[in-house]
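Everything quoted here is computed from the prediction, not taken from an experiment.
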Amino acid sequence: MGEPEEAITLKIIIIGMVVLFLLSLSLIVFFIIYQRRLLSQQKKHQKLESDYQKELLKTSILSQEEERTRIAKELHDDVGAMLTTTKLYFGQISPELSNDELKSITEKMSGFFDDMIHSVRSISQDLRPVVLEKLGLIEAIQSLTQIINDSGKIKVHFKNNTIKTIAKSKELNLYRIIQELVTNTLKHAEASTIKIELKNENGVLIVLYEDDGKGLDQKKLSSKKGLGLKNIESRLSVVSGNLIFLEKTPGMKVKIEIR
């Protein structure tokens with residue numbers, strides 16, 4: 001005799017329950033493994049992000065320290081030396097001097113004071129360009145390009161196609177970024193032409209910068225970034241911007257987006 005119908009039904013139910021249990025267990029195990037992998041990836045991403053932010057902070061601090069060192073050196077070498085020399089001339093003034101001698105010393109001291117004023121203005125200009133403070137970013141870039149063009153060593157073309165006002169809080173960092181790109185071209189690219197364009201796209205400020213120099217090695221760039229590029233990335237992090245390298249032969253072309 002065959003098994004009773006109830007026994008067969010019970011076996012089917014038990015087998016079904018075992019299959020459902022194994023399937024549920026597999027899903028739970030899969031979910032746990034997936035969650036662990038996701039958590040591991042998130043931690044890895046957070047660590048990379050943290051390392052990147054630390055690197056930007058380190059670069060920013062290093063850049064600031066280098067700037068302070070340079071300014072201190074200029075103050076010591078230029079202004080300090082002129083003040084010391086002026087003090088020496090002050091020490092020569094006495095009632096016994098003739099009018100001609102007194103006039104000669106006064107003229108020399110006046111010349112030193114003029115040089116000191118010029119040096120202090122120059123240092124102040126480096127810290128925050130006067131034209132940027134008074135007239136804004138566009139005029140400051142135009143002034144920068146005019147100075148370079150007047151040197152006769154390289155030709156700079158600048159186009160301003162912006163239709164929105166650039167926030168004052170972002171102007172200095174944007175100016176320094178463009179200045180850093182220009183400096184990089186002048187130092188390393190062996191270029192004859194630089195093109196700079198500012199425009200707006202979908203509410204985003206775009207800066208296009210290119211030169212016709214020898215370009216950048218993208219493989220080396222991805223593994224080792226110079227201080228100049230790190231400075232740019234550090235400043236971009238302040239203004240919520242990003243830098244994209246575009247294909248260009250010969251030369252270099254970058255696109256900067258500021259939101």
Side-chain angles (χ1 to χ4, degrees), residues 56-57 59-64 66-68 70-71 74 118 120-189 191 193-213 216 225-246 248 251-259:
L56 287 183
L57 180 60
T59 301
S60 178
I61 292 171
L62 180 60
S63 176
Q64 289 174 13
E66 286 189 347
E67 186 69 5
R68 287 172 184 153
R70 183 186 66 79
I71 292 169
E74 287 185 10
H118 176 75
V120 171
R121 281 178 177 170
S122 178
I123 293 168
S124 175
Q125 171 78 2
D126 284 343
L127 290 174
R128 185 171 181 91
V130 175
V131 67
L132 179 65
E133 187 71 34
K134 290 184 177 179
L135 301 176
L137 178 65
I138 304 305
E139 287 77 6
I141 297 173
Q142 288 172 341
S143 176
L144 175 65
T145 57
Q146 186 62 50
I147 291 169
I148 297 169
N149 284 332
D150 288 346
S151 72
K153 293 182 179 179
I154 189 169
K155 189 68 177 174
V156 184
H157 303 277
F158 172 57
K159 283 185 188 177
N160 173 36
N161 293 322
T162 55
I163 55 175
K164 291 186 177 180
T165 304
I166 299 168
K168 293 289 288 184
S169 59
K170 296 182 178 182
E171 284 188 337
L172 181 59
N173 278 308
L174 273 169
Y175 180 78
R176 292 305 188 201
I177 288 167
I178 292 171
Q179 205 174 35
E180 190 75 59
L181 288 168
V182 170
T183 300
N184 180 74
T185 295
L186 295 177
K187 283 185 176 180
H188 309 295
T193 304
I194 294 172
K195 293 180 181 178
I196 305 168
E197 181 184 359
L198 270 64
K199 60 182 180 178
N200 298 107
E201 288 181 0
N202 301 319
V204 177
L205 175 63
I206 304 293
V207 181
L208 291 174
Y209 179 95
E210 61 180 295
D211 65 41
D212 60 353
L216 295 171
K225 296 178 180 178
L227 182 61
L229 184 56
K230 288 180 180 178
N231 282 339
I232 290 172
E233 290 182 339
S234 178
R235 290 187 180 277
L236 283 172
S237 68
V238 174
V239 295
S240 302
N242 61 290
L243 178 72
I244 304 164
F245 284 91
L246 305 175
K248 186 179 186 301
M252 175 190 74
K253 185 173 184 179
V254 296
K255 179 181 181 181
I256 297 169
E257 298 176 336
I258 308 294
R259 301 186 180 278

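- Atoms CD1 and CG, from I177 and L236 in turn, are 4.0 Å apart once rounded to the nearest 0.5 Å.
- Counting non-hydrogen atoms of other residues, nucleotides and ligands closer than 6.0 Å to NZ of K195 gives a total of 12 or fewer.
- Here the straight-line distance linking atom NZ of K168 with atom CG of L137 works out to 9.5 Å at 0.5 Å rounding.
- Few gaps surround NZ on K248; more than 12 heavy atoms of other groups in view lie less than 6.0 Å from it.
- Within the 4.5 Å cutoff, side-chain heavy atoms of L144 are placed close to those of Y175.
- Rounding to the nearest 0.5 Å gives a distance of 10.0 Å between CG of D211 and CD1 of I196.
- Between the CD1 atom in I141 and the CD atom in E171 there is a gap of 9.0 Å [rounded to 0.5 Å].
- A heavy-atom distance below 4.5 Å is found between the side chains of L174 and L205.
- Using a 4.5 Å heavy-atom threshold, the side chains of L198 and I166 count as touching.
- A191 and D212 get closest at one heavy-atom pair: CB-OD1, 3.3 Å.
- Under the side chain to side chain donor-acceptor pair (under 3.5 Å) criterion, T193 pairs with no residue at all, not counting sequence neighbours.
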(request) Go through D150 and Q146 one step at a time and tell me if the side chain to side chain donor-acceptor pair (under 3.5 Å) criterion holds. (result) CA-CA 6 Å; D150 288 346; Q146 186 62 50; 2.8 Å; yes
Listed pairs under 3.5 Å, donor-acceptor, residues 251-259 side chains, sequence neighbours left out:
from, atom 1, to, atom 2, distance (Å)
E257, OE1, N242, ND2, 3.4

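- With rounding to the nearest 0.5 angstrom, the CD atom of E180 is 12.0 Å from the CG atom of N173.
- Between Y209 and T185 there is a side-chain heavy-atom pair separated by less than 4.5 Å.
- The residue from V156, N149, L181 that alone fulfils the side chain to side chain contact (heavy atoms under 4.5 Å, CB included) condition with I194 is V156.
- With sequence neighbours left out, K199 forms a salt bridge (charged side-chain N to carboxylate O under 4.0 Å, His left out) with E201.
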